[in-house]
There are 2 protein chains.
Amino acid sequence: MTKKEKLLHQSLKLIHEKGFKATTIRDIAASMDCDVANVYNFIDSKQGLLESHLFSINEEFHLRFDEINNSSFEPIEKIKRIVGIYIDLTFAKPYQASLLVNEWRHLKEPKLSRFIKEREKFEIKVKKLIKQGIKDGSIRKVDVDIATYTLLSSVRWLFNKVASGNLKVNRIEVEKQLLDFVLCGLTV
Amino acid sequence: MTKKEKLLHQSLKLIHEKGFKATTIRDIAASMDCDVANVYNFIDSKQGLLESHLFSINEEFHLRFDEINNSSFEPIEKIKRIVGIYIDLTFAKPYQASLLVNEWRHLKEPKLSRFIKEREKFEIKVKKLIKQGIKDGSIRKVDVDIATYTLLSSVRWLFNKVASGNLKVNRIEVEKQLLDFVLCGLTV
DNA sequence: GTCTATAATTCGATAGAC
DNA sequence: GTCTATCGAATTATAGAC
C-alpha cells in the first residue's frame with residue numbers, strides 16, 4: 001500500500017468514526033504515523049479530501065443504479081437489484097457508505113448543492129419505480145413518499161455493522177433477509 | 001418564550017442542521033440575537049448543552065418504551081405501540097430525535113459510555129420481543145439481529161422530513177403506512 | 001518525502017464595566 | 001442580563017531547511 005492509499009484508507013476510517021468536523025489533520029497524520037505537514041504532500045485540503053471521498057462513492061453508486069434503472073426489468077425486480085447493489089457496495093466499502101449517509105452535509109457550495117440535487121434525482125427515480133409497480137399491480141397501494149423513504153432508510157444500518165465487524169451473518173444471508181423484509185412491506 | 005427557552009430551541013435547530021461540531025457558540029448567539037458572552041448566562045458549556053438535550057429526549061423515550069415493554073401485551077402489539085411512540089415523539093420533537101440519531105457520538109466520557117450502554121440495553125429488549133414473537137408463532141422465522149436493525153432503521157428518516165416541513169401526510173397516516181410496511185416485513 | 005517552525009484563523013470561554 | 005474586549009487553545013495550512 002502506498003502512502004497515499006494509506007492516507008485515504010485511514011482518513012475514511014477516522015471520518016466514519018468521529019465525523020468529518022471532529023477529525024483533524026493531526027488525527028490523520030497520527031494514524032499514518034507521520035507529521036501534519038506530510039499530509040499535504042498527498043491532499044490539497046481537508047475539504048478536498050471529503051469531496052473526493054464523497055463523489056467517488058456517489059458516482060459509483062449512481063452508475064450502477066442507472067444500469068439497473070435503465071434496463072427493461074419489471075419495477076419490482078429493479079427494486080430487488082437496487083437493494084442488492086446497495087448491499088454489495090456496503091460490504092465492499094462500508095466507510096464510504098457511512099460518509100454518503102452522514103458526512104455529505106459538510107460539503108461546501110457549490111458542491112453541496114450538486115450533491116443534494118443528485119440525491120433528489122435519485123429519490124425521484126425510486127419513487128417512479130414504486131409508482132410503476134403500483135400501476136402494474138405488483139406493489140400495494142402505498143403512499144409513494146413514505147414507502148420510498150422507508151425503503152431507503154431500512155438498509156441504512158448495514159454500513160455501521162459491517163464497518164465495526166459486528167455482523168454475524170454473511171452478505172448472502174443479509175441480502176436474503178433484507179429483501180424478505182422490504183419486499184413483504186411493499187408487494188401485494 | 002424566555003431567553004433560555006429561545007436558546008434551547010435555536011440551538012436544537014442549529015445542531016440538527018449543521019451538526020454539533022459545526023455549530024458554534026457564535027452561531028447560537030446570532031440566532032437568538034445577542035452576544036456570545038450572553039449565551040453563558042444560560043449554559044455552563046457547549047458540551048453541557050449537548051448533554052442536556054440528549055439525555056432529556058433519551059430518558060423520555062426510554063420511559064415510554066419501558067411502559068409498553070413491561071405491559072402484558074403480546075410481542076407484536078408491543079412492537080406496534082413502540083413504533084407508535086417513536087412516531088409520536090418524532091412529530092412532537094423532531095430536532096431532539098435528530099440529535100438522538102446523529103449527535104450522541106459527540107458526548108464525552110463517561111456520558112458517552114452511559115449513552116451507548118442504554119442504547120444497547122434498548123436494542124436487546126427489542127431483540128427479545130422479536131424472539132418471543134417467533135417463539136409464539138406471530139413473527140416469521142427471521143434473523144433476529146437483521147430484523148431488529150432493519151425495523152429500528154426503517155423509521156429513522158421521519159425526523160428529517162418533519163423538521164424540514166417536507167412531509168405531505170399527517171401523523172395518523174404516517175403511522176398507518178409505516179406499520180403496514182414493517183409489520184408485513186415481520187409477521188407470518 | 002520528511003521534519004521544524006510558524007502564520008492565520010477560528011473557537012470556547014471569561015473578565016469586568018455598565 | 002448585556003456589552004466590549006480578550007485570553008488561551010486548537011486547527012488548517014504553508015514556508016523552508018534537509
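Labels below follow one simple rule: chain letters A, B, ... track the order of the sequence lines, proteins then strands, and each chain is numbered from 1.
Lys3(A) has a side-chain polar atom (N or O) that falls below the 4.0 Å cut-off from OP1 or OP2 of dT2(C). At dG1(C), none of the side-chain N or O atoms of Asn38(A) fall inside 4.0 Å of OP1 or OP2 (strictly under the cut-off).
Ring-plane geometry between Phe122(A) and Phe65(A) is classed as perpendicular, the angle between the planes exceeding 60 degrees on a 0 to 90 degree scale with a lower cut at 30. Between Tyr95(A) and His9(A), the two ring planes are perpendicular [angle over 60°; tilted spans 30° to 60°].
To the nearest angstrom, C1' of dT10(C) lies 12 Å from NZ of Lys18(B). Atom CD in Gln47(A) sits roughly 16 Å away from atom P in dT11(D) (whole-Å rounding). Rounding to whole angstrom units, OH of residue Tyr40(A) and P of dC3(C) are separated by 16 Å. Rounded to an integer number of Å, the gap from Leu14(A) CG to dT12(D) P is 12 Å. The nearest whole Å value for the distance from the NE2 atom in His106(A) to the C1' atom in dT12(D) is 16 Å. A straight line from CD1 of Ile43(A) to P of dT12(D) spans 10 Å, rounded to a whole angstrom. The CG-P distance, from Leu50(B) to dC11(C), rounds to 17 Å in whole Å.
Between Arg171(B) and Asp88(B) there is a salt bridge, since a side-chain N of the basic residue sits under 4.0 Å from a carboxylate O of the acidic one. A salt bridge does not link Asp145(A) with Lys161(B): every distance from a Lys NZ or Arg NE/NH1/NH2 to an Asp or Glu carboxylate oxygen is 4.0 Å or more. Ion pairing of Glu60(A) with Arg64(A) is absent here, as no side-chain N (NZ or NE/NH1/NH2) approaches a carboxylate O to less than 4.0 Å. Note on Arg114(B) versus Glu118(B): salt bridge recorded, some NZ/NE/NH1/NH2 to OD/OE distance being below 4.0 Å. The pair Lys168(A)-Asp143(B) does not meet the salt-bridge criterion, since no charged nitrogen lies less than 4.0 angstrom from a carboxylate oxygen.
Judged by closest nucleotide on DNA chain D, Asp35(B) is the one of Asp35(B) and Lys21(A) placed further toward the 5' end. Toward the 5′ end of DNA chain C lies the nearest nucleotide of Asn41(A), the other residue of the pair Arg26(A) and Asn41(A) mapping further downstream.
For the helix from dG1(C)-dC18(D) to dC18(C)-dG1(D), the axis fitted to the five pairs at one end and the axis fitted to the five pairs at the other end meet at an angle of 10° (nearest 10 degrees).
Heavy atoms of Thr23(A) sit under 4.0 angstrom from primed sugar atoms or phosphate atoms, though from no base atom.
When the nucleotides dT4(D), dC3(C), dT12(D) are ranked by their closest atom to the side chain of Ile25(A), dT12(D) comes out on top. Residue Ala37(A) places its side chain closer to dA15(D) than to any other of dA13(D), dG1(C), dA15(D). You'll find that the side chain of Phe42(A) is closest to dT2(C), out of dA13(D), dT2(C), dT14(C). With distances taken from any side-chain atom of Lys46(B) to the nucleotides dT2(D), dA13(C), dA13(D), the minimum falls on dA13(C). Nearest nucleotide to the side chain of Ser45(A), out of dA13(D), dT14(D), dA13(C): dA13(D).
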